[in-house]
Undergrad: 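One structure follows; several queries about it will come next.
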Number of protein chains: 2
Amino acid sequence: MSLPHAILTALLEKPSSGLELTRRFDRSIGYFWSATHQQIYRELGKLEQAGHIRALPAAQPTRGQKKEYEVLPAGREELTAWVTKAEDPKPVRDPLLLRLRAAGVVGSEGLEAELVRHLALHRRQLAEYTAIEARDFPPERTTTEQDRLRHLVLRGGIELETFWTKWLTDALAAFHVNP
Amino acid sequence: MSLPHAILTALLEKPSSGLELTRRFDRSIGYFWSATHQQIYRELGKLEQAGHIRALPAAQPTRGQKKEYEVLPAGREELTAWVTKAEDPKPVRDPLLLRLRAAGVVGSEGLEAELVRHLALHRRQLAEYTAIEARDFPPERTTTEQDRLRHLVLRGGIELETFWTKWLTDALAAFHVNP
DNA sequence: CATGCCATGTAAGCTGTTACATGATTCG
DNA sequence: CGAATCATGTAACAGCTTACATGGCATG
């Protein structure tokens with residue numbers, strides 16, 4: 001039940017149309033909650049139905065026309081409640097770890113190339129995050145609470161990618177012990 | 001498309017009934033791929049249909065009777081192919097990071113308790129993993145390839161939980177800067 | 001007016017979750 | 001035999017993915 005809250009957050013930061021939201025879910029918001037345009041349009045419909053958001057009056061109801069949404073008070077209350085609600089972390093579900101376990105049973109022939117590929121992808125993501133950090137959060141600058149929270153979230157992304165690059169490097173080293 | 005492969009891996013390690021699989025998905029396998037008994041029974045049916053596994057002949061087809069499954073050659077081939085198939089890492093989708101971002105917009109009142117709760121949960125999980133490591137992988141003992149791969153997977157779990165405990169600790173510290 | 005792009009949507013299928021149903025076995 | 005437990009399912013629904021459909025607008 002997180003997608004509606006991701007959308008509410010995005011719309012509170014800046015009222016947008018469906019396509020603009022989609023673009024933002026490919027960048028900042030998408031770094032910790034991804035979504036496709038189909039998901040977004042469907043969810044916008046539900047949120048409007050529920051009275052949590054509304055289309056700005058300027059927009060005509062015809063297809064192919066841009067439609068901007070903004071959050072209503074009920075939507076803000078819903079989001080505020082969700083932020084502090086007790087919700088346990090989901091158990092891990094990672095295909096790559098599973099594949100290593102499977103390799104223990106059927107053999108790891110050819111798996112190394114896939115590890116190398118993943119390592120490159122995670123390194124690239126890590127570089128992107130650190131560039132954002134250098135640009136948006138220079139030392140001795142964070143002041144508002146929103147800044148501190150955004151920086152924390154970015155740090156989460158950075159440390160997660162750091163974990164993956166380190167773990168994959170270790171894994172590849174282990175492969176070369178007995179190649 | 002990972003659940004069928006998780007089941008194939010589990011059945012290759014040891015032929016089992018649906019309920020036995022469910023129990024194993026609450027322990028070792030479940031540490032990186034969780035599944036409920038409903039998912040497992042449904043998937044067992046599909047795998048049998050596809051000719052990847054079969055029920056051992058001893059079992060009668062009546063309801064409430066134990067039914068053991070084993071992997072057929074086609075199932076092993078399917079799993080072998082999957083292990084080396086190129087499959088990109090999924091974009092991150094983490095509700096807690098999202099909640100922090102939302103807190104930047106609607107305020108972080110009451111969020112601290114939730115962070116404390118999550119920290120405790122991750123600490124417990126980390127303790128469980130390190131206990132397993134101490135028991136199953138004592139120093140200077142890993143020899144077979146299967147051992148090395150299993151240890152790598154466990155290290156993944158340990159380092160992931162280490163990341164979360166560290167990140168949550170940092171987050172709580174940041175909250176106390178301006179409480 | 002044809003092409004490409006902007007923008008919003010529909011439909012089908014798969015995965016995962018939640019709640020409930022049914023039969024077999026064991027033990028007091 | 002009544003209750004608890006083992007074991008296998010069914011049903012309904014929510015969320016996500018993939019492919020496709022439709023209309024508006026700008027530009028050569």
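Numbers restart at 1 for each chain; the letters A, B, ... are given by sequence-line order, proteins then strands.
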Undergrad: Taking only residues two or more places apart in sequence or in another chain, which ones pass side chain to side chain donor-acceptor pair (under 3.5 Å) with B:S34?
TA: A:R93
Undergrad: Can you name the ring-ring contact (aromatic ring centres under 6.0 Å, His included) partners of A:W82, sequence neighbours left out?
TA: A:H5
Undergrad: Establish, with yes or no, whether the OP1 or OP2 oxygen of D:dG9 is under 4.0 angstrom from a side-chain nitrogen or oxygen of B:Y41.
TA: no
Undergrad: Report the residues that fulfil side chain to side chain contact (heavy atoms under 4.5 Å, CB included) with B:E77, sequence neighbours left out, ordered by chain and then residue number.
TA: none
Undergrad: Under 4.0 Å from any atom of DNA chain D, heavy atoms only: list the residues of residues 5-13 of chain B that qualify, in numerical order.
TA: none
Undergrad: Below 3.5 Å between N/O atoms, which protein atoms pair up with nucleotides 16-18 of chain C? Just atom names and distances, please.
TA:
residue: C:dG16; atom: OP2; partner: B:Q39; partner atom: NE2; Å: 2.9
residue: C:dG16; atom: O5'; partner: B:Q39; partner atom: NE2; Å: 3.2
residue: C:dG16; atom: O3'; partner: A:R93; partner atom: NH1; Å: 3.4
residue: C:dG16; atom: N7; partner: B:R42; partner atom: NH2; Å: 2.9
residue: C:dT17; atom: OP2; partner: A:R93; partner atom: NH2; Å: 3.1
residue: C:dT17; atom: O4; partner: B:R42; partner atom: NH2; Å: 3.3

Undergrad: Which whole-number value in Å describes the distance from A:I40 CD1 to C:dT10 C1'?
TA: 17 Å
Undergrad: Please enumerate all residues that pass ring-ring contact (aromatic ring centres under 6.0 Å, His included) together with B:H52, with sequence neighbours excluded.
TA: none
Undergrad: Considering only distance and modelled atom types, tabulate donor-acceptor pairs under 3.5 Å from the side chains of residues 95-110 of chain A, sequence neighbours left out.
TA:
residue: A:R99; atom: NH1; partner: B:V83; partner atom: O; Å: 3.3
residue: A:R99; atom: NH1; partner: B:K85; partner atom: O; Å: 2.5
residue: A:R99; atom: NH2; partner: A:E114; partner atom: OE2; Å: 2.9
residue: A:R101; atom: NE; partner: B:E13; partner atom: OE2; Å: 2.8
residue: A:R101; atom: NH2; partner: B:E13; partner atom: OE1; Å: 3.1
residue: A:S108; atom: OG; partner: B:E145; partner atom: OE2; Å: 2.4

Undergrad: Quick test of your reading: applying salt bridge (Lys or Arg N to Asp or Glu O under 4.0 Å), list the pairs with at least one residue in residues 41-52 of chain B, sequence neighbours left out, ordered by first then second residue.
TA: none
Undergrad: Take atom CG of B:L47 and atom P of C:dC14, then tell me their distance rounded to the nearest Å.
TA: 14 Å
Undergrad: Enter the distance from A:L160:CG to B:F163:CZ here, rounded to the nearest 0.5 Å.
TA: 3.5 Å
Undergrad: Under a 4.0 Å heavy-atom cut-off, which of residues 16-27 of chain A touch DNA chain C?
TA: A:S17, A:G18, A:L19, A:R23
Undergrad: Once you round it to whole Å, what is the distance between C1' of D:dC16 and CE of B:M1?
TA: 15 Å
Undergrad: Provide the full list of salt bridge (Lys or Arg N to Asp or Glu O under 4.0 Å) pairs with a residue in residues 119-132 of chain B, sequence neighbours left out, each pair given once.
TA: none
Undergrad: Go through the structure and list residues passing side chain to side chain donor-acceptor pair (under 3.5 Å) with B:D26, not counting sequence neighbours.
TA: none
Undergrad: Provide the full list of salt bridge (Lys or Arg N to Asp or Glu O under 4.0 Å) pairs with a residue in residues 1-10 of chain A, sequence neighbours left out, each pair given once.
TA: none
Undergrad: Quick one: is A:K66 getting a side-chain N or O under 4.0 Å of the D:dC25 phosphate, OP1 or OP2?
TA: no
Undergrad: Should B:L72 and B:L21 be counted in the same cluster of Ile, Leu, Val, Met, Phe, Trp and Tyr side chains packed under 4.5 Å apart?
TA: no
Undergrad: OP1 or OP2 of C:dC14 less than 4.0 angstrom from a side-chain nitrogen or oxygen of B:K46, does that happen here?
TA: no
Undergrad: Write down the distance between NE2 (B:H37) and P (D:dT5), rounded to a whole number of angstrom.
TA: 16 Å
